[in-house]
Novice: 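Below is the structure I would like to discuss, written out as structure tokens.
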Amino acid sequence: MRPEETVLESPEELERLDGARGPKRSCLATTKRGKPCRVPPLADADFCPVHFRSPAPEDDQPPEDEPAAGRDGDAAGPSGRERIVSELLGEVERLVRQTLERLHGSGILTGLNILELTATLRQSLGKLLPSMQFDVLRMLKDTLQSDYLDLDTWRGLAYVVRSALEAQLEQTRERFQGKAPTDEYGLDYAFYEAVRPLVTFMYRHWFRVETTGIENVPADGPCLLVANHSGVLPWDGVMLSEAIWEHHPQPRHARLLFLKWFASIPFIAPFLAKTGQVLACPENGKRLLSQGQLVGVFPEGIKGIGKPFRERYRLARFGRGGFTKLAMQTRAPIVPVAIVGAEETYPAIYKLDFVAKLLGLPYLPITPTFPLFGLLGFVPLPTKWHIHFCKPLRFNERAPSKADDYLVVSLLTERVRNIVQLAINELLRRRRSVF
Amino acid sequence: MNERPSEAQAEKPVVIERRRPGRRSRKPAAPRPRFVTRRVMITGLAGYWGTRLALRLEQDPRYELILGVDTQVPTAGQFSRTEFLGLDVKSPMLLDVLTAQRIDTVVHLNIIHSKDKERMLDNNVLGTRHVLAACAEVGVKKLVLKSSTGVYGALPDNPNFLPEAWPIRGRPYHPYFRSYVEVEKYASEFLGRHPDLHLTILRFASILGPTADTALSRYLRDRICPTILGFDPLYQVTHEDDVLGALARAVEADFNGPVNIAGDGVLYLHRIIRMAGRTPLPIVTGLNFPILNTLASLPLVPLPPIEIDYLRYLWVAETARMKTQFGFQPLHTAEETVKDFATTRRVQRFAGADDSSDMGEYASAVLRDILEDPEEDDLHAS
């Protein structure tokens with residue numbers, strides 16, 4: 001229900017509207033607190049939208065009486081409405097009788113007395129407002145006439161519900177009996193499907209991610225996504241893999257390489273493994289790419305994710321170029337990815353380096369909500385995101401032999417970093433608002 | 001079957017002479033003749049693996065001598081042709097035995113698990129060193145060591161699949177595992193010094209099976225298995241029969257260096273516990289707090305038989321070398337192994353562990369006299 005006193009528009013606008021219409025009017029009704037309602041009424045009516053109630057079709061009484069009528073109902077004298085209500089009631093009774101007879105035949109609801117039922121119905125209706133009586137009866141009549149009361153409908157529904165429940169139960173039971181299958185990196189498909197709705201929600205409604213250039217991600221074969229890293233918690237990785245699931249014509253599971261530190265964090269470590277991410281190290285990267293998988297890396301690492309707010313969208317050093325070397329060795333195309341919006345999810349005001357070192361954390365940021373609001377501080381700000389996949393850099397057959405050449409590796413690393421930075425700049429230029 | 005060039009020499013009466021290791025193989029034989037082992041010594045014969053390996057090698061007529069060495073006397077009457085010698089591996093007599101019996105292959109399985117920490121380290125580490133040195137001295141061609149993938153250590157920065165070349169970083173506080181690490185460190189050094197000796201180091205992932213008593217089976221013995229809150233590492237499992245298969249393969253093949261042995265597939269620890277019909281109990285431990293770790297290492301609370309780090313971080317090994325270079329394919333996947341283990345445990349709970357059908361030769365003969373040949377039961381056919 002809406003509150004009694006509602007200001008619909010700004011006062012200035014109301015003033016302007018009223019001035020155009022003539023003298024200032026206000027709603028004729030009184031609020032629950034007994035004060036006159038100050039909200040301007042609707043056009044061609046004496047009541048504001050809150051107190052306005054559409055008159056029933058057969059209603060011949062003025063609308064002013066309605067709010068004052070109270071809960072007793074106007075049982076004084078047979079009016080047109082009374083007649084209609086009693087007619088409807090009769091029809092509903094007939095329908096109830098019919099339905100019950102039909103149900104009697106099927107052997108259920110045997111203990112129900114029709115007379116008792118109609119009496120209860122009549123009694124309850126008497127407690128309602130006349131207009132509500134009408135609505136309730138009409139609804140009842142529709143219900144009774146529809147196939148809601150058909151036994152087969154309910155049987156079908158029950159079947160659907162039961163099988164859905166059983167499937168859910170079976171899945172839970174299997175999990176508890178240890179039957180959830182995983183792949184060799186620990187990707188638990190059932191678990192991934194279970195957490196995906198949250199990810200999809202964050203993708204579509206929380207961050208409202210806009211994804212462009214998805215066609216630059218190849219449909220098969222090895223591929224290395226190189227993205228900028230930001231935000232205190234790695235939501236950008238989650239959104240990156242979700243973007244491929246959402247938009248790619250042939251979705252693939254992106255294996256994101258996570259920082260070594262995360263492998264030592266309780267709950268996070270098994271969560272990452274179960275969603276198919278692997279630890280960032282050359283051995284894993286090479287193995288994945290030679291298996292033809294889609295691998296995502298964030299070369300900035302801790303430097304990117306833990307940077308203070310004032311350095312947002314300024315790319316940190318791209319590691320030592322380990323990812324470039326991997327791509328050259330396996331000739332996997334590099335797709336630079338620019339992610340805009342993640343920087344503002346947790347604006348880090350200050351970094352408690354000393355405490356972080358004591359606790360063994362790589363960084364401990366102070367954000368407006370963390371640690372002030374405790375766990376609530378983990379909820380990211382609903383910023384508007386944009387993910388852009390740039391054109392891939394492909395390697396020719398001479399690339400693997402040059403993979404140990406430090407100069408080539410560092411030049412290529414710098415080039416990829418430039419592509420990402422330029423794409424970020426462009427996305428920032430187009431961005432209208434953070435939210 | 002190719003004959004070794006040294007076979008004729010070996011047939012001569014035994015003369016105990018100091019031989020420089022590796023002298024024979026220096027001759028540049030263009031295609032190296034296939035090395036067929038004949039005379040095998042198994043240290044730790046009375047142990048579970050020693051007994052089972054001897055029984056397995058007995059089936060193969062290529063092994064003309066299977067000699068077991070142990071300080072404990074194995075159960076009498078189980079071997080048909082394995083010879084036993086009550087000898088400590090650290091004894092100087094080992095050299096004499098090796099030369100007198102013309103042993104060309106040594107399978108060192110004398111790694112014991114004991115409550116006495118000093119004795120365990122002494123036997124496992126120094127014993128292995130002694131065996132390795134003795135083998136190099138008398139020119140044994142082949143040495144097989146049993147180790148564990150735990151020697152890589154369970155560390156947060158381990159790659160998903162640890163290759164054999166990965167450094168040995170395990171620093172376990174449990175003396176049993178520590179002896180493996182020390183043995184491995186010595187063995188890798190030894191491998192560099194004696195390139196002509198085939199030293200096969202089999203690094204087994206967690207071993208599980210119906211009968212073997214291993215760290216993982218001890219861990220899964222109780223109804224409630226302690227795990228670390230917030231962690232669920234991936235585990236590799238080797239079936240006990242595959243352990244024997246790999247040992248037999250190592251005796252047969254010429255393979256130099258370490259090789260990881262594990263059944264196909266990885267399983268989350270919680271899943272293993274669930275599959276074994278146990279309940280995981282997550283326990284809070286110090287994440288990065290040295291004080292808590294020290295407290296945990298004190299014998300105040302019963303610790304799980306597997307160390308905390310191994311319940312927390314990844315230590316899965318790459319098995320590509322096992323399949324390609326070593327030429328061994330395990331018969332059981334990780335999932336099958338755990339199922340096999342769980343089924344056996346369940347049956348044992350109902351039937352009791354000692355319902356053996358073996359009633360001895362004499363009694364069997366008496367019954368065979370009066371019974372017709374039994375048909376194969378459908379239950380056992382599968």
Side-chain angles (χ1 to χ4, degrees), chain A residues 172-191 255-288 290-291 293 295 301 322 326 355-362 364, chain B residues 152 154-163 165-166 220 227-236 262 264-280 282-290 292-293 309 311-320 333-335 338-339 342:
Chain A
T172 317
R173 199 180 299 132
E174 280 186 357
R175 186 160 286 276
F176 271 88
Q177 285 169 355
K179 279 186 190 155
T182 51
D183 80 341
E184 56 174 354
Y185 295 96
L187 168 59
D188 186 336
Y189 303 99
F191 180 80
R255 303 278 189 171
L256 304 177
L257 304 188
F258 60 81
L259 294 164
K260 169 188 140 187
W261 175 64
F262 285 115
S264 60
I265 307 286
F267 303 107
I268 303 281
F271 177 84
L272 288 171
K274 279 178 186 173
T275 50
Q277 332 294 1
V278 292
L279 179 93
C281 66
E283 288 78 15
N284 280 344
K286 197 165 179 187
R287 198 184 145 104
L288 284 165
S290 30
Q291 284 173 346
Q293 303 224 33
V295 179
L326 277 179
V355 183
K357 204 164 277 178
L358 267 185
L359 294 176
L361 306 172
L364 184 69
Chain B
Y152 298 117
L155 292 150
D157 57 346
N158 275 349
N160 273 49
F161 293 91
L162 293 153
W166 196 256
L220 293 173
T227 58
I228 309 302
L229 183 72
F231 287 98
D232 195 3
L234 286 166
Y235 261 62
Q236 267 175 326
D264 288 339
V266 286
L267 299 171
Y268 279 108
L269 178 63
H270 279 79
R271 195 167 165 221
I272 294 180
I273 295 169
R274 294 279 186 206
M275 280 169 81
R278 304 290 187 246
T279 314
I283 290 172
V284 184
T285 60
L287 169 61
N288 269 305
F289 302 100
L292 275 179
N293 281 343
D309 276 354
L311 296 175
R312 194 190 282 173
Y313 304 128
L314 202 64
W315 51 293
V316 171
E318 174 74 82
T319 54
T333 64
E335 211 168 323
V338 180
K339 269 183 196 151

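Keep in mind it's a predicted model, so treat the numbers as computed, not measured. Protein chains get the first letters and strands the later ones, always in sequence-line order, with residue 1 at the start of each.
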Novice: Taking A:N284 for the side chain and B:N160 for the main chain, is one N or O donor matched with an acceptor at less than 3.5 Å?
Specialist: yes
Novice: Could you have a look at B:I273, B:D232, B:V316 and say which one has the most heavy-atom pairs with chain A under 4.5 angstrom?
Specialist: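 The candidate making the most pairs under 4.5 Å is B:D232.
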Novice: To the closest 0.5 Å, what do you measure between CG (B:L234) and CG (B:L267)?
Specialist: 8.5 Å
Novice: According to ring pair (Phe, Tyr, Trp, His ring centres under 6.0 Å), who are the partners of B:Y268, at least two apart in sequence or on a separate chain?
Specialist: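 Checked B:Y268 against ring pair (Phe, Tyr, Trp, His ring centres under 6.0 Å); zero matches.
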Novice: Any idea which of B:P280, B:P233, B:P156 has the most non-hydrogen atom pairs under 4.5 angstrom with chain A?
Specialist: B:P156
Novice: Quick check on the interface: out of A:A273, A:G285, A:P282, A:A269, who has the most heavy-atom pairs with chain B under 4.5 Å?
Specialist: A:A273
Novice: Between A:L259, A:L288, A:L279, A:I268, which shows the greatest number of heavy-atom pairs under 4.5 Å with chain B?
Specialist: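 Among the listed options, the one with the most contacts to chain B is A:L279.
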Novice: What's the separation between atom CD in A:E184 and atom OG1 in B:T319, rounded to the nearest 0.5 Å?
Specialist: 8.5 Å
Novice: Could you work out, with salt bridge (charged side-chain N to carboxylate O under 4.0 Å, His left out) as the rule, every residue matching A:E283, not counting sequence neighbours?
Specialist: none
Novice: Go through the atoms of B:N158 and report whether side chain, backbone, both or neither lie under 4.5 Å from a heavy atom of chain A.
Specialist: backbone
Novice: For chain A, find which of B:G277, B:A334, B:G230 contributes the most heavy-atom pairs closer than 4.5 angstrom.
Specialist: B:G230
